[in-house]
Amino acid sequence: MIQVKLPDGTVKEYADGSTALDVAMSIGERLAQATIAAEVNGTVVDAMRPIDELAEGDGPIELSLLTTRDAKALGVLRHSCAHVMARAIMRLFDGVGLAFGPTTGNGFYYDFDLATPISEDDFPKIEAEMQKIVKEAEPFERFSMTRDEAVTFCRDLNQELKCEHIETGLADYDSLSFYRQGEFVDLCRGPHIPDAGRIKAFKVLSVAGAYWKGDASNRSLQRVYGTAFFSKDDQKEYLAQLEEAKRRDHRVLGKQLGLFNISNDVGQGLSLWLPKGATVRALLEEFIKKELMARGYQPVYSPHIGRVEMYETSGHFPYYRESQFAPIFGHDAGQLVDYWIRRSQEGDLSTEDEQQIAHTAELMGCGCACDALKAPSVDDKVNVLHTWEKTQERYLLKPMNCPHHVQMYKSQPRSYRDLPVRLAEFGTVYRHEASGQLNGLLRVRGLTQDDAHLFCTPEQVEAEFKDTLDLVKFVLESVGLDDYRIQLSKRDPNSDKYVGSDELWDNAESTLRRVLEESGLNFTECEGEAAFYGPKADFMVKDCIGREWQLGTVQLDYNLPARFDLEYIGADNKPHQPVMIHRAPFGSMERFVGMLIEHFAGAFPLWLAPEQIRICPVTDKALDYAEKVQQRFRREGFRVTIDRRSAKVNAKIRDAQLDLIPYMLIVGPKDEEQNAVSLRDRIAKEGETGGTDLGMMPIDAAVARLKEEVNALRVRQVVKSQFRSFETTDDEEQHEY
RNA sequence: GCCACCGUAGCUCAGUCGGCAGAGCGACGCUUUCGUAAAGCGUAGGUCCUCGGUUCAAGUCCGAGCGGUGGCUCCA
């Protein structure tokens, strides 16, 4: 007999080998029907699995039944649905290799190694096959075998990737579990739903490429995404919310509201800020400039290009070469010589090709080409070419502002009394992001950071870091962005991409952690996400469909000061090295405004709205008075337009409402008589839709009311997205499947 | 960059089997002069992404390129 303790505290006895389903049945048949899985001693397991397999010690086994109402059960359902999809695809295609098939926040995917491309056109037949499997409602049966047996078993099934995974990823496990459903068998940790009939709604959503184990050097797989629910209504609701979420996409709203434009005629990833978008940006810049002045920052400006040597010193070049625009060479042959150097270093240049390159370089006026060709070794050749290169001018479109600011720090001797020095600039940088990464304003190739670099003594680091964190928080709060996550991005101790000693890194990381802890902010730590020069505290925000993006960042840097030999004279009259803090509260203006558009669903608060007020004359006869009202509001500093169409006032109101204008002024003869306006608020009263008629009031009263709202930077409404994406389980867990 | 899909009027989109290029909204004109979410009528607007191929004939079929979307990888 086994003792089972239920969540309400009661302890009952059951026969050995009883399953959660048996327990459910003993309580009631309807409960048994609703039971999807169980949680035994805190682990989610199959409802059909004997409970005593999971007993720990002598005490009663803690059991809670997971029914269709539990979020954890939904995860189990979706993973089982991934198996159903894989089974369907194996029936429809030959030679399907199975990789991983985990759940995600909103559904599941399964990766397949399959030569035939799966396209969206295949979805209906995949879904039809899945429907058959669901209808058959066969059970998921669990069984285990030893590692050796498992490898042989998978090899017999022609499941190479599973074999590889057993031998590498699962090397620590002696016994491995499999699940069988009809003819389909898969290495899988589980758990699963009792039978496929529990899947009441599912949909194959998309197909994409993915790399085996997430490594771009591995073979590429086809990843098919889908989702599943316990009821058709739930799925319908989810899909509707997803559609709704896409309507607040900043690219859609940016076009609709005339905020920005990205045109191929200008270039991929190069944004054009149209007047309305530029107004939002300018207001944000003005807002933060004021705050920076108050916090002791000094404005600086730097050019858009800088010598390559400077970025070699900083380490940005050639480390990030692949994601930078090619250098600008002062000499015609510069690019060619550069290419020659790289190919020589790679060692795959044929003699014939090299002679051709040398000849062309010579022709273009590169005096060293002959010498380089005659050099006895690759090193010597590269040396000759490098020496020549360095006598030529080479510029880089700046990928970061820090080297420029470092040079400003260096432009004069510094005393400890001068520190901290805080240099701030809206610095525009250019990065050659791979084309597949570009995404509206959220990922662009030319971006402006609200950047600043703080140079301080080691003793000042904590206070300065704390102040910058406070600044980022202040900035986000002022626009009502409270749904963010803070991530402490640390180095990956097993990687060599970072500069500086382990001691410096440990020191920097623990300083960041300490200040974050002291500030009482919630944060998670993440290895391998640091910048190459130092750890960061990143502020992460989700876009309309739940993808996470980094906005604000505060970075601690002991390395660039060393690389550039920065110093200040201390109280001891000896030189010391300052510490640098890089920080950008918005991150970039592009990404921040992009996120802000989605945050507000295009409906900016009054202080940020590009068009704050629209005057809607009741008839053309009221146009003259409308002009007078516009003049007055303009003089008071408002951005105000007049709808001059001869349409009915209802139509004008409707359009202003759809254009998300915060306030409308309805003006007609009645208003003119009393030197008044009729104010309409875009925001509806609680529980109503549409806007609110605030009634007729003297112009002065309307001006005062709106001025107060602007000056307070009031955020009256953030249209909450109905769409929620769920946290995904971490990778390690996913790969257990 | 990789995989899949997509590219038609300013916007959103339809276009069947290869056979005259379409709708709604917007813009413009005329009529209407209206008080809190859409007045009526009319007009203009096209390199069907680009280049090449197949064909009597290509928006439609084929190839290449450019661009976009979703995902992967990357992200100073």
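Protein chains get the first letters and strands the later ones, always in sequence-line order, with residue 1 at the start of each.
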Asks: Given the P atoms of B:C34 and B:A39, what is the spacing between them in whole Å?
Replies: 14 Å
Asks: Return the pairing partner of B:G29 with a 3.5 Å limit on both distances, Watson-Crick or G-U wobble; otherwise return none.
Replies: B:C41
Asks: Write down the distance between NZ (A:Lys648) and P (B:U32), rounded to a whole number of angstrom.
Replies: 15 Å
Asks: Using purine N1 to pyrimidine N3 plus N6-O4 or O6-N4 for Watson-Crick, or N1-O2 and O6-N3 for G-U wobble, both under 3.5 Å, which nucleotide pairs with B:C34?
Replies: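 In the structure as shown, B:C34 has no Watson-Crick or wobble partner.
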Asks: With a 3.5 Å distance limit and no angle check, can you tell me whether A:Asp538 reaches the backbone of A:Met540 through a side-chain donor-acceptor pair?
Replies: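 Not confirmed, A:Asp538 side chain does not pair with A:Met540 backbone.
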Asks: Hey, is the side chain of A:Arg251 poking within less than 4.0 Å of OP1 or OP2 on B:U69, counting only N and O atoms?
Replies: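 So the side chain of A:Arg251 is within the cut-off, an N or O lying under 4.0 Å from OP1 or OP2 of B:U69.
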Asks: From CG of A:Asp643 over to P of B:A27, roughly how many Å is that when rounded to an integer?
Replies: 9 Å
Asks: Does A:Gln268 make a side-chain N or O approach to OP1 or OP2 of B:G68 shorter than 4.0 Å?
Replies: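 Answer is yes, contact under 4.0 Å.
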Asks: Identify, between A:Pro117 and A:Asp620, the residue whose nearest nucleotide on RNA chain B lies closer to the 5' end.
Replies: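 Nearer the 5' end of the strand: A:Pro117.
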Asks: Which whole-number value in Å describes the distance from A:Phe123 CZ to B:G71 P?
Replies: 13 Å
Asks: According to the 5.5 Å centroid and 30° plane-angle thresholds, does A:Tyr320 stack upon the nucleobase of B:A76?
Replies: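 Stacked: ring centres under 5.5 Å, planes under 30°.
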Asks: Could you tell me whether the side chain of A:Lys652 and the main chain of A:Pro617 form a donor-acceptor pair under 3.5 Å?
Replies: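 Judged by distance alone, yes, a pair lies under 3.5 Å.
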Asks: Any donor-acceptor pair under 3.5 Å between the side chain of A:Gln657 and the base of B:U36?
Replies: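 Result: no qualifying N/O pair found.
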Asks: Between A:Phe108 and A:Arg78, is there a cation-pi geometry (under 6.0 Å to ring centre, at most 45° from the normal)?
Replies: no
Asks: What is the distance, rounded to the nearest whole Å, between atom CG of A:Asp451 and atom P of B:A76?
Replies: 14 Å
Asks: Scan every strand shown for a Watson-Crick or G-U wobble partner of B:U54, both distances under 3.5 Å, and answer none if you come up empty.
Replies: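 Paired with no nucleotide.
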Asks: Check whether A:Ser220 reaches the backbone of A:Gly209 with its side chain - one donor and one acceptor, N or O, closer than 3.5 Å.
Replies: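 Flag not set: sc A:Ser220 to bb A:Gly209 has no pair under 3.5 Å.
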Asks: Using the benzene-type ring in the case of Trp, are the ring centres of A:Trp212 and A:Phe100 under 6.0 Å apart?
Replies: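 They qualify: ring centres under 6.0 Å apart.
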Asks: Could you let me know what B:C48 is paired to, Watson-Crick or G-U wobble, both distances under 3.5 Å, or none if it's on its own?
Replies: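 Checking every strand shown, B:C48 finds no partner, since no pair has both distances under 3.5 Å.
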Asks: Can you tell me the base-pairing partner of B:U69? Count Watson-Crick or G-U wobble geometry only, both distances below 3.5 Å, and say none if there is no partner.
Replies: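 B:A4 is the nucleotide pairing with B:U69.
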Asks: Hey, does A:Tyr225 reach any base, or is it just sugar-phosphate, or nothing, if we go heavy atoms under 4.0 Å?
Replies: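 Sugar-phosphate only.
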Asks: Do A:Gln437 and B:C74 share a donor-acceptor pair, side chain to base, under 3.5 Å?
Replies: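 Indeed there is one.
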Asks: Determine: side-chain N/O of A:Arg547 to OP1/OP2 of B:G71, distance under 4.0 Å, yes or no.
Replies: yes
Asks: Please classify the nucleic acid contact of A:Ala216 as base, sugar-phosphate, or nothing, using heavy-atom distances under 4.0 Å.
Replies: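 Sugar-phosphate contact only.
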